[in-house]
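Remarks on the structure that follows.
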Amino acid sequence: MISIENLHKKFGKNEVLKGIDLNIEQGGIFAVLGPNGSGKTTLIKSILGMVVPNSGSIKINGKSVKNDWKYRNNIDYLPQIANFPGNLTVRELIRMIKDLRSYKKADDLRLIELFKLDPFLDKKLSNLSGGTKQKVNLVLTFMFDSSLIILDEPTTGLDPISHIRLKELITSEKQKGKTILITSHIMSFVEEIADEIVFLLEGKIYFKGGIPALKTKTEQPDFEHAIASILTTSYV
Ligand SMILES: Nc1ncnc2c1ncn2[C@@H]1O[C@H](COP(=O)(O)OP(=O)(O)OP(=O)(O)O)[C@@H](O)[C@H]1O
Ligand SMILES: [Mg+2]
């Protein structure tokens, strides 16, 4: 579904992606992991065409994403930091995003119910708590029925109940055959839902595969220690 070849991205002198080769097959949950600043968001934004790489190619379903924006219509994206216009109400924002993507069917009511957002619909976005904003962000992302879903830190600020709802939501989307790309620093969340992980380190893919294979590679009995062992080795 996504095929990336030799992707390079520099911001000034800062070489963030130094030759990424990555194939993501259709169907399943793929977690992109790596320390702060390792380029996860940059990689995601490159897939979305929001960051222009210096070289390399990105193809979605065999078609290059370069100079073609239409492919984005079929991707639902949750940004790591959403800058909402604070003077709008939740209801107005949902309406606005539905209007912008009016060519797609939107199922916002189910999600408003799932995240118990009814009491907040007429509140201004600037007055919402961080976690409630994130739930609104999730509604905006999941209300369209796209085959590729990209979630940059979806758990940020969520309370335990919402966390469980999010996991159920992601799993039910996967069951429809969708491809879901997620970044997260919450290892228990990743371990519970991811089919495969992609670990970015120093601009390259350090590891791609299942969690059992990572445990074998790092000779660690549990996932969190496996990840920690990569990080401590790379920091020394
Ligand atoms: N627009 C930009 N201009 C300049 N530098 C940038 C820009 N976007 C990202 N960077 C730099 O690129 C590097 C990778 O950033 P990125 O946001 O992709 O990391 P990340 O892996 O998503 O980190 P985090 O876990 O903190 O979300 C960082 O050094 C960051 O400062
Ligand atoms: Mg990021």
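Both ligands and their constituent atoms are indexed starting at 1 by order of listing. Positions are given from 1, in the same order as the sequence printed here.
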Backbone or side chain, does Thr41 get an N/O/S atom under 2.8 Å to the Mg ion (ligand 2)? yes
Any heavy atom of His185 under 4.0 Å from ligand 1? The part involved is side chain
Atom 23 (O) of ligand 1 has as its nearest protein heavy atom Gly37 N, 2.8 Å
Residue-ligand contact Gly12/ligand 1, heavy atom below 4.0 Å: no
What protein heavy atom sits nearest atom 1 (N) of ligand 1, and how far away is it? Phe11 CE2, 3.7 Å
So if I apply the side-chain contact (heavy atoms from CB on, under 4.5 Å) rule between Glu173 and each of Thr179, Ile180, Asp76, Ile29, which one comes out positive? Ile180
Given the ring of Tyr206, does Lys204 sit roughly above its face, with NZ or CZ under 6.0 Å from the centre of the six-membered ring and within 45° of the axis? no
Could you tell me if Asp152 and Thr183 have a donor-acceptor pair between their side chains, going purely by distance under 3.5 Å? yes
One pair to check against salt bridge (Lys or Arg N to Asp or Glu O under 4.0 Å): Glu196 and Lys208. What are the steps and the verdict? CA-CA 7 Å; Glu196 260 201 24; Lys208 178 178 186 281; 3.0 Å; yes
Closer than 2.8 Å to the Mg ion (ligand 2): does that hold for any N, O or S atom in Gln80? yes
Against ligand 1, does Gly34 come closer than 4.0 Å with any heavy atom? no
If you measure from atom 29 (O) of ligand 1 to every heavy atom of Asn14, Ile44, Thr42, Val16, which option wins on shortest distance? Asn14
Are Leu151 and Phe84 grouped together when hydrophobic residues (ILVMFWY) are joined by side-chain heavy atoms under 4.5 angstrom apart? yes
